[in-house]
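One structure is given below, encoded as structure tokens.
All ligand and atom numbering here is 1-based and tracks the order in the structure.
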Amino acid sequence: MNNKQPTPSLYGSCHCGAVRITLPFAPDEATSCNCSLCRRSGGIWAYYALGTVSIQGHPGNTEDYIWGDRSLRNVRCKTCGIVTHWEPLDSKPGIRHGVNLRNFEPELLESVVVRRFDGADTWTFLD
Ligand SMILES: [Zn+2]
């Protein structure tokens with residue numbers, strides 16, 4: 001739990017509702033990345049240990065996109081096309097994955113610090 005009030009809902013979904021996400025706890029921080037993929041999807045990423053986020057409708061209602069060094073899959077709803085999360089292809093214990101906070105009510109996004117990450121070039125945070 002964070003110390004901001006009121007606590008926004010931890011439940012989100014893609015636009016059509018076929019993919020439904022429940023976070024285990026509210027994020028304190030999220031990342032906005034400028035890499036060639038993130039700057040197009042507009043995803044704001046919060047990170048969780050793989051397996052701790054409930055994602056209903058995945059993989060049944062999803063498609064994925066794998067690119068670059070092929071280390072992760074970006075997952076989107078098969079029906080509405082909204083990017084919901086990404087996950088590593090090599091799911092080692094303890095590894096993290098990213099959830100797109102754009103799929104949650106705006107209050108959740110407003111409650112976190114969004115850090116700008118230079119995934120396009122230096123691979124460092126810009127703040
Ligand atoms: Zn959808």
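Under the side chain to side chain donor-acceptor pair (under 3.5 Å) criterion, Asn61 pairs with no residue, sequence neighbours left out. Taking Asp127 as the reference, Arg115 meet the side chain to side chain donor-acceptor pair (under 3.5 Å) condition, with sequence neighbours excluded.
In this structure, Trp45 shares a hydrophobic cluster with Tyr47, Leu72, Val83, Trp86, the cluster being traced through Ile, Leu, Val, Met, Phe, Trp and Tyr side chains under 4.5 angstrom apart.
Within a radius of less than 2.8 Å around the Zn ion (ligand 1), the protein N, O or S atoms are Cys14 SG, Cys16 SG, Cys77 SG, Cys80 SG.
Side-chain atoms of Asn34 come within 3.5 Å of backbone N or O of Gly119 as a donor-acceptor pair. A donor-acceptor pair is defined here as one N or O able to donate and one able to accept, closer than 3.5 Å; no such pair exists between the side chain of Asn100 and the backbone of His85. For Lys78 (side chain) and Gly60 (main-chain N/O), a donor-acceptor pair under 3.5 Å exists by modelled atom type.
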